[in-house]
Amino acid sequence: MKTIHTNLAPGAIGPYSQGVIVNNMFYSSGQIPLTAEGDLVQGTVEEQTHQVFKNLQAVLDEAGASFETVVKATVFIKNMEDFPLINEVYGKYFSEHKPARSCVEVARLPKDVLVEIEVIALVK
């Protein structure tokens, strides 16, 4: 196993890592809309989702993976009514390549954010 860490994404806020590579697969921790400096993006669900994807891009890059090698994404949202807005942003990052995906509404997310996404990707 290889632990992944980059300063281009927010650091872990608990006893976990940004992600782990096992063999040729990368497993990310859930990313929330924190900047790399640790500041919470307070904007709309679309703005929060873009920040989540910025963080995912950083950890994927560090792992030697990319959005094109993601095989599975799990999306956690605070309100299922936001799904169309989140899905529109999601589609900008996964336009041609469409990995498997689960999306679930949850009662609460860390720091009361609106969205959290984790991915599993093939390392190049």
Tell me which donor-acceptor pairs under 3.5 Å the side chains of residues 74-83 have, and how far apart each pair is, sequence neighbours excluded?
unit_1	atom_1	unit_2	atom_2	d
Thr74	OG1	Lys72	NZ	3.4
Asn79	OD1	Glu81	N	2.8

Would you give me the side-chain donor-acceptor pairs under 3.5 Å for residues 109-124, sequence neighbours excluded?
unit_1	atom_1	unit_2	atom_2	d
Asp112	OD1	Arg108	NE	2.6
Asp112	OD1	Arg108	NH2	3.4
Asp112	OD2	Arg108	NH2	3.2

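Note that OG1 of Thr49 and CD1 of Ile32 are 12.5 Å apart. Values are rounded to the nearest 0.5 Å. For the atom pair SG (Cys103) and OH (Tyr90), the distance works out to 9.5 Å, reported to the nearest 0.5 Å. Distance CD/Glu62 to CG/Asn7: 8.5 Å, rounded to 0.5 Å.
In this structure, the side chain of Gln48 engages the main chain of Val41 through a donor-acceptor pair within 3.5 Å. With Asn55 contributing its side chain and Pro10 its backbone, the two residues share no donor-acceptor pair below 3.5 Å. At distances below 3.5 Å, not a single donor-acceptor pair connects side-chain atoms of Thr6 with backbone N or O atoms of Ala9. Side chain of Glu88 to backbone of Leu85: no donor-acceptor contact under 3.5 angstrom is found. For the pair Thr69 (side chain) and Ala65 (backbone), a donor-acceptor distance under 3.5 Å is absent. Without hydrogens or angle criteria, His5 side chain to Gln18 main chain gives no donor-acceptor distance under 3.5 Å.
The environment of Glu105 atom CD is dense: over 12 non-hydrogen atoms of other residues, nucleotides or ligands sit within 6.0 angstrom.
Applying the side-chain hydrogen bond (donor to acceptor under 3.5 Å, both in side chains) test to pairs two or more places apart or on separate chains, none has a residue in residues 20-31.
Taking hydrophobic clusters as Ile, Leu, Val, Met, Phe, Trp and Tyr residues chained together by side-chain heavy-atom distances below 4.5 Å, Leu34 does not share a cluster with Val45. Note on Leu40: it does not cluster hydrophobically with Leu8, by side-chain heavy-atom contacts below 4.5 Å among ILVMFWY residues.
Here Tyr93 pairs with His50, Phe53, Phe67 under the ring pair (Phe, Tyr, Trp, His ring centres under 6.0 Å) rule; sequence neighbours left out. Asn87 is linked by a side-chain hydrogen bond (donor to acceptor under 3.5 Å, both in side chains) to Arg101, counting only residues two or more places apart in sequence or in another chain. The side-chain hydrogen bond (donor to acceptor under 3.5 Å, both in side chains) check on Glu37 picks up Thr35, with sequence neighbours excluded.
Put simply, the side chain of Ser17 reaches to within 4.5 Å of the side chain of Thr3, judged on heavy atoms. Counting heavy atoms from C-beta on, the side chains of Val22 and Val20 come closer than 4.5 Å. Looking at Pro99 and Val71, their side chains never come closer than 4.5 Å, going by heavy atoms from C-beta outward. For the pair Ile21 and Ile4, the minimum side-chain heavy-atom distance is below 4.5 Å.
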Margin query: Between Phe26 and Leu60, does the side-chain contact (heavy atoms from CB on, under 4.5 Å) criterion hold? Intermediate values first, please.
Written below: CA-CA 8 Å; Phe26 171 65; Leu60 284 163; 3.8 Å; yes

